[in-house]
Amino acid sequence: MKEAFPRRGLPNVIQKLENGDTVTIVYFGGSNTRSEGYRVMTADWLREQYPQADIRTVNAGINGTGSDLGCARVETDVLRHKPDLVFVEFVGNDGGDPESKARIEGIVRQIRKRSRFTDILFVYTLKERDVALFQAGEYQKGALMQEEVADYYGIPSIHLGVAVSHLVSKGQLIFTSREDVSISGAVIFTHDSIHPTIPEGHQIYTDTITRSFERIRELQDHPGRVVHHLPQHPLVPANPWEYAGMLPLDSLTTFSAGWSYMTPDNSALAREYNWLFPGLWRAAEPGEAITVQFEGTRIGLFDIGGPDSGRLKVSVDGGEPFIVDRFTLYNDHNRNQYVFLPELPNGQHTVRFEVDAGKTDKAAVFEASGNERSIEHVRQHPEWYDQTVIQLGKLLLVQPPL
């Protein structure tokens with residue numbers, strides 16, 4: 001199996017590196033990107049290869065997020081840095097969602113519309129369930145969908161699972177093992193079936209990326225800057241995701257009286273997440289509501305969930321309310337999360353989000369998953385869980401032209 005598809009390559013960033021120019025690289029993805037793994041290691045390798053260049057990097061990885069949120073944050077987290085190269089890593093969190101092809105294309109078109117000189121590189125991580133596919137000579141479903149986008153726009157891509165599965169087959173790598181276990185002669189790749197160990201697991205990712213980069217560089221035959229093509233029509237017909245964005249919550253919103261704005265100056269939680277949000281809008285009492293008026297096809301919320309999270313009763317254009325629970329399996333601690341409401345006809349909409357009086361049986365949520373640690377946490381701290389708190393950071397919108 002091929003691990004790298006050079007396509008139109010990385011002509012502009014390679015030229016700037018070879019000229020010793022200032023180069024900005026944005027690493028855009030989920031938790032594997034956010035960690036101190038391949039992101040740091042590949043940047044260090046590039047600095048060794050091009051010591052005269054001033055290589056600046058941006059960590060635009062957010063744990064547990066996919067290309068849908070990625071589309072909404074391209075402007076804020078990628079384009080404002082004026083990147084020369086963007087790594088795109090969302091296969092793991094997209095999980096083969098059929099709509100991910102449209103969303104990845106939305107990311108590409110946003111970048112291309114802003115700059116025809118920015119190079120893009122797709123990297124595909126893998127989970128333990130993907131190893132058997134690679135050993136059978138098949139790529140993940142999500143990667144295959146992204147490859148259609150890569151072909152259409154000439155974007156190079158790297159399948160990180162090829163080398164990993166090869167090492168598993170040779171008995172030189174154990175994909176998942178407990179942290180307290182070591183196996184002579186074999187690398188432990190992950191402790192959780194998803195996130196590579198640092199440095200050992202991520203070194204395999206890095207080695208794959210760097211040798212693929214060298215291959216792309218060898219094939220580079222474009223003198224001077226290259227203007228990347230932006231087809232007039234998207235690959236996915238009438239694709240709305242290139243019109244996704246993220247806005248401050250108060251830009252289109254009316255709040256009831258019980259909402260308060262927490263900042264890093266007065267809230268430990270706002271300080272913890274100030275890399276995502278300048279502040280958090282918080283309400284704790286049932287009946288408190290926000291009303292958003294917007295034009296477009298989708299609306300969503302980027303928020304913080306935790307043990308105290310409640311539910312939102314949502315009504316769209318005066319329709320029948322439905323519940324959006326902001327407590328999940330992962331909310332035995334505070335974490336970033338997001339939700340998009342179902343797609344709407346393109347046009348003007350009014351959406352009301354109200355803190356619901358009903359409470360989720362949070363212990364039952366954990367019991368259904370068999371998460372003993374979290375079940376015990378509920379028993380030890382029942383007062384933390386017996387709340388209806390909502391903490392909102394940003395509005396997510398998809399607003400194609402009418």
Side-chain angles (χ1 to χ4, degrees), residues 26-37 39-40 43 56-66 68-70 72-81 93 195 198 245-253 255-285 288-290 292 300-312 324-339 353 355 362 373-374 377-378 380-397:
V26 173
Y27 292 84
F28 190 40
S31 54
N32 281 322
T33 293
R34 179 151 191 84
S35 73
E36 302 293 305
R39 172 180 55 82
V40 173
R56 304 175 182 182
T57 64
V58 177
N59 183 358
I62 301 180
N63 298 3
T65 65
D68 46 0
L69 181 66
R73 61 189 187 93
V74 171
E75 176 63 38
T76 302
D77 294 353
V78 178
L79 295 178
R80 72 181 180 91
H81 299 289
N93 287 335
H195 302 99
I198 299 175
M246 188 165 64
L247 294 175
L249 202 71
D250 55 357
S251 59
L252 300 172
T253 304
F255 297 84
S256 63
W259 290 85
S260 59
Y261 188 62
M262 305 185 300
T263 70
D265 292 332
N266 57 27
S267 164
L269 186 63
R271 281 195 298 277
E272 181 180 352
Y273 283 95
N274 66 354
W275 60 280
L276 284 179
F277 313 117
L280 292 168
W281 287 94
R282 184 181 190 276
E285 298 300 324
E288 297 297 341
I290 63 170
V292 185
L301 298 171
F302 192 10
D303 61 334
I304 300 297
D308 54 358
S309 288
R311 313 190 309 183
L312 287 168
V324 174
D325 200 343
R326 303 318 294 140
F327 180 81
T328 75
L329 276 173
Y330 305 101
N331 289 161
D332 57 349
H333 64 285
N334 292 311
R335 71 189 296 272
N336 57 269
Q337 59 185 20
Y338 65 100
V339 62
F353 299 90
V355 181
K362 297 173 180 178
R373 182 181 68 84
S374 297
H377 199 257
V378 176
Q380 292 176 353
H381 306 284
E383 72 285 356
W384 291 5
Y385 291 85
D386 188 27
Q387 299 183 63
T388 56
V389 174
I390 299 294
Q391 299 170 124
L392 307 177
K394 291 284 184 72
L395 278 178
L396 310 175
L397 297 170

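Since the structure is predicted, the reported quantities are computational estimates derived from the model, not experimental observations.
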Other residues, nucleotides, ligands: >12 heavy atoms within 6.0 Å of R271 CZ: yes
Taking CD in E272 as the centre, count heavy atoms belonging to other residues, nucleotides or ligands within less than 6.0 Å. Is the count above 12? yes
Point-to-point distance, once rounded to the nearest 0.5 Å, from [atom1] of [X] to [atom2] of [Y]:
X	Y	atom1	atom2	answer
L301	Q337	CG	CD	10.0 Å
I390	F353	CD1	CZ	10.5 Å
Y338	R73	OH	CZ	9.0 Å
N59	S35	CG	OG	8.5 Å
Q391	W259	CD	CH2	9.5 Å
L392	L312	CG	CG	6.5 Å

Exercise: identify the closest heavy-atom pair between [X] and [Y]:
X	Y	answer
I198	G37	CD1-N, 4.0 Å
P264	A270	N-CB, 3.7 Å
L396	A72	CD2-CB, 3.9 Å
I62	N336	CG2-ND2, 3.3 Å
E383	Q387	O-NE2, 3.3 Å
H81	T76	NE2-O, 4.4 Å

In terms of ring plane angle, is the pair F302 and F277 parallel, tilted or perpendicular, where the classes change at 30° and 60°? perpendicular
Which class fits the ring pair W384 and H381: parallel under 30°, tilted 30 to 60°, perpendicular over 60°? parallel
Under the criterion side-chain contact (heavy atoms from CB on, under 4.5 Å), I'd like the reasoning laid out for V389 against R282: C-alpha separation, chi angles, the key distance, then a yes or no. CA-CA 7 Å; V389 174; R282 184 181 190 276; 3.5 Å; yes
So, does [X] use its side chain to make a donor-acceptor pair with the main chain of [Y] at under 3.5 Å?
X	Y	value
R326	G305	no
E288	G258	yes
Y273	N334	yes
S256	A289	yes

Using the six-membered ring of F327, assess whether NZ or CZ of K362 lies under 6.0 Å from its centre and within 45 degrees of the ring axis. yes
Applying side-chain contact (heavy atoms from CB on, under 4.5 Å), run through Y385 and D332 and close with a yes or a no. CA-CA 9 Å; Y385 291 85; D332 57 349; 3.5 Å; yes
So T388 and S309, do their side chains get closer than 4.5 Å, heavy atoms only? no
Do P278 and Y261 have side chains that get closer than 4.5 Å, going by heavy atoms? yes
